[in-house]
There are 2 protein chains.
Amino acid sequence: MKMQRIRIKDVAREAGVALSTAALALRDDSKLREETRRVVREAAARLGYVYDRSAAMMRSGRSHTIGLLVCEITNPFYAELTAGVEEALDQAGYVTMLANTAESAERQRRMLERFREQPVDGVLIMPATGTPASLSEELRAWQLPHATVVRSFRRGAHAGPDNRAGTRLATEHLLALGHRRIAFLGGAAKNSVSTGRWEGYARAMARAGLTPEHLPCRTDIGEASVVAEALTAKGPTALVCFNDSVAFGAGMGLQRGGRMPGRDVALVGFDDVREAAHWYPPLTTIRVAPHVIGQAAARVLLHRITDPAAEPLREILPPALVIRESCGAQQRRAA
Amino acid sequence: MKMQRIRIKDVAREAGVALSTAALALRDDSKLREETRRVVREAAARLGYVYDRSAAMMRSGRSHTIGLLVCEITNPFYAELTAGVEEALDQAGYVTMLANTAESAERQRRMLERFREQPVDGVLIMPATGTPASLSEELRAWQLPHATVVRSFRRGAHAGPDNRAGTRLATEHLLALGHRRIAFLGGAAKNSVSTGRWEGYARAMARAGLTPEHLPCRTDIGEASVVAEALTAKGPTALVCFNDSVAFGAGMGLQRGGRMPGRDVALVGFDDVREAAHWYPPLTTIRVAPHVIGQAAARVLLHRITDPAAEPLREILPPALVIRESCGAQQRRAA
DNA sequence: TCATCAGAGTGGAACGTTCCAATTCGACCG
DNA sequence: CGGTCGAATTGGAACGTTCCACTCTGATGA
């Protein structure tokens, strides 16, 4: 009694054309007369035909599916980025396969193997901390088109923010406000992001004839707040934070220590996550527009898939300084 | 010069068995002798065989793929939930196809059609605002196994928090602290979540012989802060907020108006997003463990797929009150 | 000695597309 | 009037699995 699925074959019979004609018509191929296409389309609608991608996938070898490996989707920055990727891929007619590696290199590896079997047309990867350097070559050996996002391999397609330029902007802003004792908070890991952000800060300090100062801590609100609470009036007057999470932690620590961000200590974040604007006091930060990075990443990967012989693209997106209240610029101007 | 893919056929030849034997061996089927399985496994490893799911999918009609429709992935609550779903599905051997509907019913519809074509074995859906009531029957007509998450249809498989119990907990806590003028902030939309949360609050108030008071506003930090800033000393002494976002907005508005949450006005949120603990002051809220809901949702859907004849499961998860500082309980205890 | 049986392995037809070569049919050209 | 051409359509072989029915082999029991 269960009604069976309608296939192209059935549509063809209903429309009175050959199977391959119907298939062509449903793909709206220009080789066919508009009239024929219409007739087939109508027959398909009448029967309630549903395209079966799994068969197409098998025959054509293309799945119109992209694997997305997110290092930590519960981090708002990466969530936003994921939304950008998904949106751009959808617009290009691709479906996103999601895997949250939760910063586990082992899980990342497992998911890559699954994606390879699936098979996906390509993968977008935000390498988990602890990713072996060999992964890049391995993917190449697999012939699996891929691009990195935010965190990068040495070579290959990539989309991410210009970290160096970001912390340079932040540091120069604080210098312009008259600060001299500016410390860099957070970013202990050895990866492309950490080194980039540190360098931008350190070079700006050096150019101003000042010595950079590193307050290391893990990228974690709790840890950052502990480090910040320990800071006294003798400490730095301004903090360039590794990212917004660290800045939030720092702000909380400072308040616990009885000092108000923006009044007693200047604070600049990095990322401009949605919460930054709604924090109290609103956080001055570096906007890198994760949504835009996500879209760029999708573009870069699709280029790689469409034109595998071409040089891999690297899109380094320029950041912008967003001045709010945590850096104290407002108060200074008012005074 | 390009090396071609290795198929089961090649593995079979290498192992000196028939194609179907090799296929059985690779699935580790107990019909085969352990010895045979080993030989085939080794041959596969030697050749670098990669399983091709797209062919399996087509022949068997099962894709081991689930479509996940998230209403707004940039919302940390849903991001966390997504992580839970993905983790549980992965453990069960399923891959997650992600679509962020961004609260657009039209986009949601389009993505459902894609998922149907893909084809996925089932969909997990957090209905976007404005989802027509007919969607539920339509999915049934499509014969597409589905379950709702957080927001629910009237019937069908579902996993989500017990909203009524949550706001009841919040309200009773505030009553116990001695508050009498307690208002409910936010939740203007007409959906299962809004009505549930309102009812839990309103009934608790009624039981205490008090009249409930609704301060409507959209679920948006900005709007909530405007409403809260307008509140004066003559207004309510405590706010039960629709969710943590609204509570954050309210906290910000209160501070702008010169009043400190937890000292001048008691504030309780709903959801316990990661930021709640790190807010200043830390937010008292209702924990619903989005990660757990996500896992439950995956379970409920897989049950539906495995056993379509059985009654759809509905998992309503009990919330917990998390007391931090924004409700003023600490101060009160200290005094 | 022969039927029966279970265990182990085999052969080949599906699954629903896409792809390519082939065919049909006028129109046009010399 | 035969030949060539392009546009429109067709036929049928792939694609790499799974699934089912079948064969083969040796052991068992009457």
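Just so we're on the same page: letters track the sequence lines, and every chain starts at 1.
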Problem set entry | Side-chain heavy atoms of B:R116 within contact of A:V50, under 4.5 Å | yes

Hey, are [X] and [Y] close enough for a salt bridge, meaning a charged N less than 4.0 Å from a carboxylate O?
X     : Y      : answer
A:E42 : A:R38  : yes
A:R5  : B:E117 : no
A:R41 : A:E14  : no

For this session: Give the C-alpha distance, both sets of side-chain angles, the deciding distance and a yes or no for side-chain contact (heavy atoms from CB on, under 4.5 Å) between A:I8 and A:Y49.
Result: CA-CA 8 Å; A:I8 287 193; A:Y49 167 71; 3.2 Å; yes

Exercise. Have B:T131 and B:R151 got a donor and an acceptor in their side chains that come within less than 3.5 Å?
Worked result: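 There is no such pair (donor and acceptor under 3.5 Å, judged by atom type) between the side chains of B:T131 and B:R151.
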
Exercise. When you list every nucleotide of DNA chain D with an atom under 4.0 Å from a heavy atom of chain B, which one comes first 5' to 3', and which comes last?
Worked result: D:dG16 to D:dC19

Problem set entry | Atom CZ of B:R110: over 12 foreign heavy atoms under 6.0 Å | yes

For this session: With heavy atoms under 4.0 Å as the rule, sort B:A23 into base, sugar-phosphate or nothing.
Result: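 Touches a base.
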
Exercise. What does A:R27 touch in the nucleic acid at a heavy-atom separation under 4.0 angstrom: a base, only the sugar-phosphate, or nothing?
Worked result: sugar-phosphate

Exercise. Separation of B:E35 atom CD from C:dG7 atom P, in whole Å?
Worked result: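 Answer to the nearest Å: 19 Å.
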
Problem set entry | Separation of C:dG12 P from B:R59 CZ (nearest whole Å) |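 Result: 16 Å.
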
Seminar exercise, completed: Taking for A:I8 and for B:S30 the nucleotide of DNA chain C with the nearest heavy atom, the one nearer the 5' end belongs to B:S30

Could you list, one pair per line, each protein nitrogen or oxygen that sits under 3.5 Å from a nitrogen or oxygen of nucleotides 9-11 of chain C, together with the distance?
unit_1 : atom_1 : unit_2 : atom_2 : d
C:dG9  : OP1    : B:R33  : NH1    : 3.0
C:dG9  : OP1    : B:T36  : OG1    : 2.6
C:dG9  : OP2    : B:R33  : N      : 3.1
C:dG9  : OP2    : B:T36  : OG1    : 3.2
C:dT10 : OP2    : B:A18  : N      : 2.9
C:dT10 : OP2    : B:T21  : OG1    : 2.4
C:dG11 : N7     : B:S20  : OG     : 2.8
C:dG11 : O6     : B:S20  : OG     : 3.2

Exercise. Looking at B:H146 and B:R304, what are the two nearest heavy atoms and their distance?
Worked result: O-CD, 4.1 Å

